[in-house]
Every structure is written in structure tokens, then in C-alpha cells.
Protein chains: 2
Amino acid sequence: MPKSITRTYSRYSREATLLLGELIRVARKERKLTAQEVADRAGISRGLLQRIEKGDLKCEIGVVFEVAVIVGVKLFDADETTLTRHIRQTEDKLSLLPKSVRRKSKAVHDDF
Amino acid sequence: MPKSITRTYSRYSREATLLLGELIRVARKERKLTAQEVADRAGISRGLLQRIEKGDLKCEIGVVFEVAVIVGVKLFDADETTLTRHIRQTEDKLSLLPKSVRRKSKAVHDDF
DNA sequence: ATCTTATGGTCTATATATGAACCAAATGTA
DNA sequence: TACATTTGGTTCATATATAGACCATAAGAT
């Protein structure tokens, strides 16, 4: 048996993922879509959709987001346009920050 | 070369992931944290962190969320407590919906 | 009650994401 | 300018997520 890499997750991450999954399941049922239908539209297997809806932490973020879009769950509470605007704003902000984080090499009085 | 599975993503998914990645990078720099430092705290490689910050769609959602937490980016604009409350509310909602989606087998006048 | 179908769970093979060790370039500091 | 280090980009081996085929049960129509 190969040595496996076990990750640790904070409660916050676990709950955020769980909430997203549950929101997806609710949205899917409200729209009366079968698990198989949504899976087909997303181009994934039904099994993977189940894991997503159960809040499995080890799913590609792209697939999870895609499923969310399909059933109508908004990310960031934002529509397409708002999302794009936020990206621009964030990139502006980023351009003002130093490009690399410089650590005071030898703790003169390192932070606190 | 084995046949690869190429997924398609909507613009919305791509931008949501990109935005999240950029928010993480901004937050990291604002807190003056090195990529290596954050990677270590998250228990991932620096390379993976770079992909996350670039908005790579094929990263585990759990890892992405975990990194977000580490640098202080809130998911769902909600703190721990609010998140938990939302979960309860969503589960209540879910319990009221039919447990399986029933499709009218032979389109009597299928929906619209 | 019966029948159809949606859901949840296994298992296996395979595609693929990840870690690690590189290197080169860019960046900020003294 | 020179120097230390952060960052971005490779490549490769390996751990692992996913698809797909199952099966059993649950759920909701008729």
C-alpha cells in the first residue's frame, strides 16, 4: 500500500464546501433536475455530482463551480458583469502591491 | 498517449475561480506572507499555490478554500457562525423538497 | 400494490493532479 | 552595483480523483 497524503482541513473550509454542495442540491431539486441530467450537462459522472453535493473536499474547483452555474447557484453573489468588474479591481489592487514579498532576512525586531 | 478528457468551463466559472485566486494573492501580499510560507501552512507545494493564485480550475476545492482561510479571504462573505447557520437553513429547505426528482416519463406536455 | 426510475453505494481501470527537484529571471535591499 | 531571495517555469514519478459498470434500496407515480 503506497503511503497516502492526508490533508487537514479547517472546520471553516469543510463547512463552506458543504454549504456549497447543499445549495447545489437544493437548487437542482427546485429546478426539478435529475442528478443524471445535471451530470450530463456538466460532462461529469453521476457519482462525482453526488460527491459534490455531499461537500466532498477533493473535487476540482472548476467542476464544482460549473455545476453551481448549471443549477443556478451564484458564486460571490455576483452576476457575470459584477464578477468581471471585481477582477479588474483586484488586479488594480495587485499592481499597486510589491511584486515579491520581502522578509527582513535577519529579524532586527521581526514584526511584533 | 492516452486519450485525455477535456472539460469545458463557462466563462462564469473561469472568472469566479480567477477572482478567488487573485483575492488570495492580494490577501497574501497584504499580510506580507511568502508563497512558500503559505504553502507550508497549507501543507501543499509552492507550485500548487501558484496554480491556485492563477485561477487554475483543476485544483481540489478543499485546498483552495483552505488557502483562502489561511490568508484571510472569507468564503460566502460569512464567518464561522453564519456559515453554520446557513447550513442548517439549507438543510431545512432540503428536507421539505421531494427526495427524488420525478420526471414525467412520457412528456404529456413537458414543462413549458 | 405495482412498477418505473431516481438515488446511494460499491469496485476497478485509467487519466491526471500533485510534490519535489530543478533552473532562470525578477525583485527588493543594503 | 552586488547580493540574497522570491517568484515563475519546467520535468518526472507517484498518489489519487474520476468514469463507468455494477447492485440494492428508496421514492413516487399510476
Side-chain angles (χ1 to χ4, degrees), chain A residues 1-9 17 21-22 24-26 28-64 66-67 71 94-108 110, chain B residues 1-9 17 21-22 24-26 28-29 31-64 66-67 94-108 110:
Chain A
M1 186 155 56
K3 63 168 179 178
S4 62
I5 297 178
T6 29
R7 300 190 191 285
T8 70
Y9 302 96
T17 310
E22 291 183 343
I24 288 173
R25 175 162 291 182
V26 167
R28 175 175 68 80
K29 299 209 167 192
E30 284 181 341
R31 305 200 168 199
K32 302 205 185 312
L33 293 171
T34 289
Q36 188 63 59
E37 288 173 328
V38 173
D40 289 343
R41 292 198 201 180
I44 63 175
S45 65
R46 190 168 59 91
L48 178 52
L49 176 62
Q50 282 186 24
R51 288 175 44 214
I52 291 173
E53 292 187 346
K54 272 182 22 185
D56 191 316
L57 293 156
K58 345 204 90 164
C59 304
E60 295 181 7
I61 191 171
V63 176
V64 179
E66 195 63 26
V67 170
V71 299
L94 193 54
S95 69
L96 297 179
L97 291 169
K99 308 192 180 170
S100 67
V101 176
R102 276 299 166 165
R103 174 105 323 184
K104 300 188 196 321
S105 46
K106 276 312 162 201
V108 181
D110 210 319
Chain B
M1 185 155 61
K3 63 168 181 179
S4 63
I5 297 179
T6 30
R7 298 190 190 287
T8 70
Y9 301 95
T17 310
E22 291 183 343
I24 288 174
R25 175 162 290 182
V26 167
R28 176 175 66 80
K29 301 210 166 194
R31 305 199 169 198
K32 303 207 185 310
L33 293 171
T34 289
Q36 188 63 61
E37 289 173 327
V38 174
D40 289 343
R41 292 198 201 178
I44 64 175
S45 63
R46 189 169 60 90
L48 179 51
L49 176 62
Q50 281 188 21
R51 287 174 47 214
I52 292 174
E53 292 188 345
K54 272 183 16 185
D56 192 316
L57 293 155
K58 347 203 89 166
C59 304
E60 295 180 8
I61 192 171
V63 176
V64 179
E66 195 64 24
V67 169
L94 194 54
S95 71
L96 297 179
L97 290 169
K99 309 191 179 168
S100 66
V101 175
R102 275 299 165 165
R103 172 102 324 181
K104 300 190 193 321
S105 48
K106 277 313 163 197
V108 181
D110 213 316

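In the text below, chain A, chain B and the rest are named by the order of the sequence lines, each starting its count at 1.
- For the pair A:Lys54 and C:dG9, the criterion of a side-chain N or O lying under 4.0 Å from OP1 or OP2 is met.
- Closest to the B:Arg51 side chain, of the nucleotides D:dT7, C:dG19, C:dA17, is C:dA17.
- At least one side-chain heavy atom of A:Gln36 sits less than 4.5 Å from a side-chain heavy atom of A:Asp40.
- Other residues, nucleotides and ligands contribute only 12 or fewer heavy atoms inside 6.0 Å of the CZ atom of B:Arg41.
- The neighbour count for B:Lys58 NZ, taken as heavy atoms of other residues, nucleotides or ligands under 6.0 Å away, is above 12.
- In this structure, B:Glu37 does not pair ionically with B:Arg28, as no charged nitrogen and carboxylate oxygen lie closer than 4.0 Å.
- Remark: P of D:dT6 and CD of B:Glu37 are 8 Å apart, rounded to the nearest angstrom.
- A straight line from CG of A:Leu97 to C1' of C:dT27 spans 14 Å, rounded to a whole angstrom.
- Comparing B:Thr34 and A:Asp56, the nucleotide of DNA chain D nearest to each residue sits closer to the 5' end for B:Thr34.
- The NZ-P distance, from B:Lys32 to C:dT27, rounds to 17 Å in whole Å.
- The phosphate of D:dA26 has neither OP1 nor OP2 within less than 4.0 Å of any side-chain N or O from B:Lys99.
- Rounded to an integer number of Å, the gap from CG of A:Asp40 to P of C:dA6 is 11 Å.
- Residue A:Leu49 is the one, among B:Pro98 and A:Leu49, whose nearest nucleotide of DNA chain D lies closer to the 5' end (criterion: closest heavy atom).
- Closest-nucleotide positions on DNA chain C for A:Ala35 and B:Gly43 were compared, and the one nearer the 5' end corresponds to A:Ala35.
- A straight line from CD of A:Glu60 to C1' of C:dA15 spans 11 Å, rounded to a whole angstrom.
- When heavy atoms are screened at a 4.0 angstrom cut-off, A:Ser100 is found touching the sugar-phosphate backbone but no base atom.
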(request) Under the side-chain contact (heavy atoms from CB on, under 4.5 Å) rule, what do A:Val67 and A:Ile44 come out as? Steps first, then yes or no, please. (result) CA-CA 9 Å; A:Val67 170; A:Ile44 63 175; 4.0 Å; yes
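- No hydrogens or angles were tested; on distance alone, a donor-acceptor pair under 3.5 Å links the side chain of A:Arg46 to the base of C:dG8.
- Counting to the nearest Å, the P atom of C:dA6 and the CZ atom of A:Arg28 are 11 Å from each other.
- Side-chain atoms of B:Gln50 lie closest to D:dG9 of the nucleotides D:dG9, D:dT18, C:dG19.
- If you measure from atom CD of A:Glu53 to atom P of C:dA6, you get 14 Å, rounded to the nearest angstrom.
- Here the C1' atom of nucleotide C:dT27 and the CG atom of A:Leu96 are 17 Å apart, to the nearest Å.
- The phosphate of C:dA17 has neither OP1 nor OP2 within less than 4.0 Å of any side-chain N or O from A:Arg7.
- Contact annotation: A:Arg25 reaches the phosphate of C:dG8 (side-chain N/O to OP1 or OP2, under 4.0 Å).
- At a cut-off of 3.5 angstrom, the base of D:dT6 holds no donor-acceptor pair with the side chain of A:Arg102.
- The 5' end of DNA chain C is approached more closely, in terms of each residue's nearest nucleotide, by A:Lys29 than by the other of A:Lys29 and B:Ser45.
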(request) Report the C-alpha separation of B:Glu22 and B:Lys54 in whole Å, then their side-chain angles, then the decisive distance to 0.1 Å, and conclude whether the salt bridge (charged side-chain N to carboxylate O under 4.0 Å, His left out) test is met. (result) CA-CA 7 Å; B:Glu22 291 183 343; B:Lys54 272 183 16 185; over 6 Å; no
